[in-house]
There are 2 protein chains.
Amino acid sequence: MATIADVAKYTGLSSATVSRVINNYPHVSEDKRKLVHDAMKELGYFPNTSARNLRNRKTNLVAVLIPRLTNPFFTLILDGIERVAEANGFQLIICQTKSSKKKEIDFLNLLQTKQVDGVIFTSIENEWELIQPYTAYGPIILCNEYHHDATVPMVRLDQVQGSYLGTRHLIEKGHTKIAYCMGSTSGLSIDRRRGFFKAIEEAGIEMKSEWIFRDTYTMEDGKRVFQQILQLSDRPTAIFTGGDEVASVMVKEAGRRGLHVPGDIAILGFDDQPIASLIEPELTTIYQPGDEIGARAMTVFIECLNGIRERMSQSVIELPLSLVIRDST
Amino acid sequence: MATIADVAKYTGLSSATVSRVINNYPHVSEDKRKLVHDAMKELGYFPNTSARNLRNRKTNLVAVLIPRLTNPFFTLILDGIERVAEANGFQLIICQTKSSKKKEIDFLNLLQTKQVDGVIFTSIENEWELIQPYTAYGPIILCNEYHHDATVPMVRLDQVQGSYLGTRHLIEKGHTKIAYCMGSTSGLSIDRRRGFFKAIEEAGIEMKSEWIFRDTYTMEDGKRVFQQILQLSDRPTAIFTGGDEVASVMVKEAGRRGLHVPGDIAILGFDDQPIASLIEPELTTIYQPGDEIGARAMTVFIECLNGIRERMSQSVIELPLSLVIRDST
DNA sequence: CCCCTCTTTGTAATCGATTTCATGAAATCG
DNA sequence: CGATTTCATGAAATCGATTACAAAGAGGGG
């Protein structure tokens with residue numbers, strides 16, 4: 001492969017001048033500029049990115065942490081991130097954590113070794129105190145999931161409001177026994193729970209601890225939890241799920257058992273994924289603009305890189321959620 | 001940030017010895033080894049990846065071209081690629097082409113500038129003659145979509161067999177008027193069409209050109225094409241779709257219009273995505289092991305890098321497809 | 001004790017760009 | 001017309017690692 005030195009030799013110029021042409025600097029005469037361009041074409045020259053990265057101390061690479069590539073809500077976020085990244089000349093490295101604390105931390109090594117200019121988290125497995133030390137190495141942005149004590153910019157959705165809206169909707173439909181599928185210890189999960197209980201308490205409804213279910217993320221989880229719910233002696237008449245996939249599986253399972261949705265049991269989704277309006281009955285759900293927060297997060301990231309935004313102190317961009325009423329409630 | 005020179009100075013050793021310790025080379029005494037490790041920890045040293053990449057002429061980065069991140073079948077492939085990549089110390093750069101010929105070619109620049117060690121295509125927009133010149137710059141692997149004249153390794157699924165199985169199934173169900181949703185000019189689309197017509201011709205069925213529809217990829221496309229089908233005077237009684245999303249939308253649309261599936265119109269999917277078994281009626285479809293071909297493609301890629309496999313001549317790994325019979329046919 | 005091999009370490013070149021500084025030529029100004 | 005900018009270009013340092021080669025010291029055999 002041809003190097004800049006080859007181009008310099010071929011044109012009889014110095015590598016400095018060739019570099020100036022490549023980077024479109026001023027103070028290069030038109031004839032030399034053309035000479036260099038012709039030589040680059042003639043020799044099949046392409047600047048070596050590793051060399052540039054080393055010298056420029058910048059890689060134009062961003063690591064995006066995502067729990068699972070096969071989760072449509074997270075790929076929607078990724079899509080939003082990608083849109084802004086590509087418009088600004090950044091490439092994305094995908095880091096699938098599979099919800100592993102260890103992997104999450106391991107990926108931060110990319111930042112320490114300067115392989116990426118920064119990191120965007122779309123989910124968080126570890127406590128903030130374990131992640132915080134890494135903020136010294138470059139911008140870290142939280143997108144979607146968050147910790148209340150995080151000392152970095154976060155782009156998030158108003159989970160309290162979202163789950164409050166959904167729960168109130170269920171209550172208005174007459175439900176007083178509502179099962180709740182809980183997430184992790186992240187700020188997102190805490191807030192979602194907060195909104196749920198806010199609506200419950202406002203309505204003066206009593207909540208049983210056996211109606212609360214942990215770790216309900218995947219379709220398998222949904223199936224399992226739904227079975228558990230059916231076996232309860234004092235059975236809930238509505239279910240607040242953590243996501244549309246779980247909700248879809250529950251609707252499916254209900255149908256398989258001859259239970260009518262929402263007549264026998266109402267099911268509320270979360271996300272408003274495409275699947276929500278494809279299944280029968282269509283899912284009532286909370287619309288989460290995943291692509292929007294992804295795009296915002298990438299924008300915030302660029303602001304941090306350019307020093308326009310403080311990268312090591314907390315700042316919050318919060319977007320509202322909205323209830324989409326369909327036929328499952 | 002500390003550099004290798006800092007560690008050398010701190011320990012009183014040369015950077016060569018430090019480098020040997022970092023890379024676990026033999027012929028370094030145990031005490032120096034420990035000395036260096038302690039110093040690295042003390043100084044908070046991490047090797048700079050750009051510098052290593054430059055020197056080693058290797059980035060451990062692979063570009064993966066994918067039409068849309070929000071398409072579950074492609075993220076399934078990505079998941080398979082990621083599994084093998086991560087097990088072998090490679091990172092993935094996602095390149096969303098959005099089915100644009102120009103973007104596809106633009107991403108190959110990553111290969112020319114040596115930002116990545118190679119490229120895996122999961123879809124192909126351009127003709128092979130336009131891509132071929134780039135094979136000079138590094139391994140290019142085709143995964144899923146392919147061109148028959150490609151001069152690189154390909155990992156693919158037996159599309160002829162898959163569409164043949166599906167079409168024969170429709171014919172066995174008594175259908176003689178079958179609409180066909182066509183793809184592009186890639187080898188995959190050609191073969192899928194080949195399998196379809198093989199079954200049609202074997203059965204001695206007459207095919208009308210107005211039953212053939214182009215560019216049916218997205219849910220919007222599905223809706224549009226379904227409407228067109230309903231308006232035909234000589235209406236097909238079955239539809240061969242290009243994917244489960246399109247099929248799902250069609251099932252939905254049929255329901256909305258009071259048409260019974262499969263009674264009034266049978267609908268055959270492709271891929272066997274999760275959605276296939278969530279909608280009502282469940283989709284009969286062709287199971288495509290996306291993660292499997294992804295994993296194989298990444299394995300093949302590594303073989304090419306290691307010189308175990310010829311990277312600039314055609315080789316084919318083909319996996320079989322299978323029919324999953326459910327309730328939409 | 002001498003010669004040879006093996007281990008351990010260092011010096012300096014190298015990977016391929018960018019950029020500072022220096023220099024001479026050309027343009028501008030009063 | 002002389003002084004001062006501005007323009008165009010090159011030499012060489014630099015980014016931060018890896019590695020070929022050299023050299024010194026340790027150990028072994030005869």
**Student:** Could you check whether B/Asn23 and B/Arg52, counting side-chain N and O atoms only, form a donor-acceptor pair closer than 3.5 Å?
**Tutor:**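 Result is yes, a qualifying pair exists.
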
**Student:** Contact class for B/Asn23 (heavy atom, under 4.0 Å): base, sugar-phosphate, or nothing?
**Tutor:**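 Sugar-phosphate, no base atom in range.
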
**Student:** Does the structure show a Watson-Crick or G-U wobble partner for D/dG29, both distances under 3.5 Å? Name it, or say none.
**Tutor:**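 Its partner is C/dC2.
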
**Student:** Between B/Asn144 and B/Thr122, do the side chains contain a donor N or O and an acceptor N or O under 3.5 Å apart?
**Tutor:** no

**Student:** Side-chain donor-acceptor pair under 3.5 Å between B/Gln288 and B/Gln159, yes or no?
**Tutor:** yes

**Student:** How long is the line joining NZ of B/Lys114 and P of C/dA17, in whole Å?
**Tutor:**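 Rounded to whole Å, this separation is 11 Å.
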
**Student:** Where does the chain B footprint on DNA chain D start and end, counting 5' to 3' with a 4.0 Å heavy-atom cut-off?
**Tutor:** D/dG16 to D/dA20

**Student:** Carefully, step by step, assess A/Asp149 and A/Gln314 under the rule side-chain hydrogen bond (donor to acceptor under 3.5 Å, both in side chains).
**Tutor:** CA-CA 8 Å; A/Asp149 56 346; A/Gln314 188 176 85; over 6 Å; no

**Student:** Scan nucleotides 9-14 of chain C against the protein and return all N/O pairs shorter than 3.5 Å with their distances rounded to 0.1 Å.
**Tutor:**
from	atom 1	to	atom 2	distance (Å)
C/dT9	OP1	B/Ser29	OG	3.0
C/dT9	OP2	B/Ser29	N	2.9
C/dT9	OP2	B/Ser29	OG	3.1
C/dG10	OP2	B/Ser14	N	2.8
C/dG10	OP2	B/Ser14	OG	3.1
C/dG10	OP2	B/Thr17	OG1	2.8
C/dG10	O6	B/Arg20	NH2	2.6
C/dT14	O2	B/Arg55	NH1	2.3

**Student:** Is the NZ or CZ atom of A/Arg20 both under 6.0 Å from the centre of the six-membered ring of A/Tyr25 and within 45° of that ring's axis?
**Tutor:** no

**Student:** Centre-to-centre under 6.0 Å for B/Phe46 and A/Tyr137, is that the case here?
**Tutor:**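 Yes.
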
**Student:** Report the distance from atom CZ of A/Arg57 to atom C1' of C/dA17, rounded to the nearest whole Å.
**Tutor:**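 In whole Å, C/dA17 C1' and A/Arg57 CZ are 14 Å from each other.
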
**Student:** Scan residues 126-148 of chain B for pairs that pass salt bridge (Lys or Arg N to Asp or Glu O under 4.0 Å), counting only residues two or more places apart or in two chains.
**Tutor:** none

**Student:** Please lay out, stage by stage, how B/Gln115 and B/Asn109 fare under the test side-chain hydrogen bond (donor to acceptor under 3.5 Å, both in side chains).
**Tutor:** CA-CA 9 Å; B/Gln115 178 157 21; B/Asn109 188 246; over 6 Å; no

**Student:** Need one value for B/Asn53: base, sugar-phosphate or nothing, where a base atom within 4.0 Å counts as base even if backbone is also close, heavy atoms only.
**Tutor:** nothing

**Student:** Name the pairing partner of C/dC21, where a pair is Watson-Crick or G-U wobble with both distances under 3.5 Å, or state none.
**Tutor:**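 Across all strands, the one nucleotide that pairs with C/dC21 is D/dG10.
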
**Student:** Which part of the nucleic acid does A/Thr3 contact within heavy-atom distance under 4.0 Å: base, sugar-phosphate only, or nothing?
**Tutor:** sugar-phosphate

